[in-house]
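Here is how names work: the chains are called A, B, and so on, in the same order as the sequence lines, proteins then strands, and each is numbered from 1.
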Amino acid sequence: MARLKPARLKVILGENNTEKLTLPNGIPESLDELHSKIKTVFGIEGNIRLQYMDRDFDNEFFNLNSTSELQDLGTIKVIQEQTNPPLNTANETTSSHLVSFDSDDNASLTSADTVIISSPESVSSRTQQWPEDFPVPKFSYDTELQLEKGNLEYHTSNKMLTVSSRVKSDILNRLAEQIYKYKAYPEDIHFCIVSEALIKKYPCLREPGSFNGCYGWKQRLKYKMGNYRTQLKLQGCPELSVNSLKSKAVTDAFPAKKVKRPKRAEANFYPSLPTGETLESLEKERLELLTEVRIRRNERVITGKMAHTFAYRRQEVVNQEPSIKDFKDRWPALFQQKEVIIKLKSIYVCFVYYMMCVVCFFFSFI
DNA sequence: AAGCGTTGCATGGCGGTTCA
DNA sequence: TGAACCGCCATGCAACGCTT
């Protein structure tokens, strides 16, 4: 059912992307109806959330809980909730938990292979998955000048560039920063990829004595990433502080045990809390979820709150490794059919991707 | 033969130190 | 100051031997 008076709305779909929506039968009475109308008209897939511009509050946007808030010629903003984005996007859904069973009723959650959805709002340093072709970053101006000059000399007289410690330091710094965008704990193969990308772009940096021309760079990068992690840890980077022996020693008799780091395909292993949120505010939201979960036909609210508390939930799993029973008691919504289906979809995507990698690896030998 | 526990080796992370 | 290195410790895996 809709109000019969035709209405028009300004719909903000994104930055520099605004459309006009004409509703011949007026503004729908139900929010679901408005959602499906917007999704159909603008071809949006997946879950969306709407905000409306409130003129009483200096034209700020507020969450739309009822279409009665809307008026003809009003403005709404569409926020896409990326609960199941494609594999290579920034909000990849591959943070995970392994369910291990010590005994029948004492199963616990540790970091490994069940997929949990990331919150689109949480701020994670881990924003992208490892790229197909590693992009060598731009170095400082003077380093770039020296490398260009070195490349020129390499092409004319096959002469290698003698790298000063300043240039080496700049190269390692920029590469470490670039690597960290994708992985805090890169594996051996990643160092190989990066060093090969480096000497491909700057052949003057090749090492004639090494079997592949870049073994030394690979080793340097390993050291650099270790030192870089130490540096970030000292600055309080939560993803790395979680493995600090000193902080673990407070609660753990064997602090060197269980280094908490991402497993295969994990992107948001230890995301930061959403901007402006604290542990207390998210705990409050968790308590609200306990109420919301008892309300029938409340999936939209639950999905939104679950996405919003994603980082808080991840930190709880990584830090405390709660038993499944405790975790289920604290987060009953996570075990609802819809959330489980979302996770299974993500597991399926990861599995297919993994199998493709295996097949590619196999065929590379044929 | 299958299952299980033990052992040894390779690899990797952390904290601290050395050295240019 | 930062790259490079060291020692300690943990994990993962394959090989091996023992038991059933």
S.K.: Any heavy-atom pair between the side chains of I171(A) and W217(A) that's under 4.5 Å?
M.R.: yes
S.K.: Please produce a list of atom pairs where a protein N or O lies less than 3.5 Å from an N or O of nucleotides 4-7 of chain C.
M.R.:
from   : atom 1 : to      : atom 2 : distance (Å)
dA4(C) : OP1    : K168(A) : NZ     : 3.3
dA4(C) : OP1    : R220(A) : NE     : 3.2
dA4(C) : N7     : N227(A) : ND2    : 3.3
dC5(C) : OP2    : Y223(A) : OH     : 3.0

S.K.: Test side chain to side chain contact (heavy atoms under 4.5 Å, CB included) on E196(A) and C214(A) and set out the steps.
M.R.: CA-CA 6 Å; E196(A) 278 168 14; C214(A) 59; 3.8 Å; yes
S.K.: Between C1' on dC14(B) and CE on M225(A), what's the gap in Å once rounded to a whole number?
M.R.: 14 Å
S.K.: Testing the basics here: between I27(A) and A7(A), what is the closest heavy-atom pair and its distance to 0.1 Å?
M.R.: CG1-CB, 3.7 Å
S.K.: Please state how far atom CD1 in I171(A) lies from atom P in dA3(C), giving the value in whole angstrom units.
M.R.: 11 Å
S.K.: Closer than 4.0 Å, any side-chain N/O of S165(A) to the OP1 or OP2 of dG2(C)?
M.R.: no
S.K.: In whole angstroms, how far is the P atom of dG16(B) from the CZ atom of R229(A)?
M.R.: 16 Å
S.K.: Go through the structure and list residues passing salt bridge (Lys or Arg N to Asp or Glu O under 4.0 Å) with K149(A), not counting sequence neighbours.
M.R.: none
S.K.: How many Å lie between NZ on K222(A) and P on dA3(C), as a whole number?
M.R.: 17 Å
S.K.: Taking any heavy-atom pair under 4.0 Å as a contact, classify N173(A): base, sugar-phosphate, or nothing.
M.R.: nothing
S.K.: Can you see which heavy atom on E144(A) is nearest to which on Y202(A), and at what distance?
M.R.: OE1-OH, 3.0 Å
S.K.: Taking only Lys NZ, Arg NE, NH1 and NH2, and the carboxylate oxygens of Asp or Glu, determine whether D170(A) and R174(A) approach each other closer than 4.0 Å.
M.R.: yes
S.K.: Measure the distance from CD on Q231(A) to P on dG16(B) and round it to the nearest whole Å.
M.R.: 16 Å
S.K.: What is the distance, to the nearest angstrom, from the NE2 atom on H190(A) to the P atom on dG13(B)?
M.R.: 12 Å
S.K.: Measure NZ/K183(A) against P/dG12(B) and give the value in whole Å, please.
M.R.: 13 Å
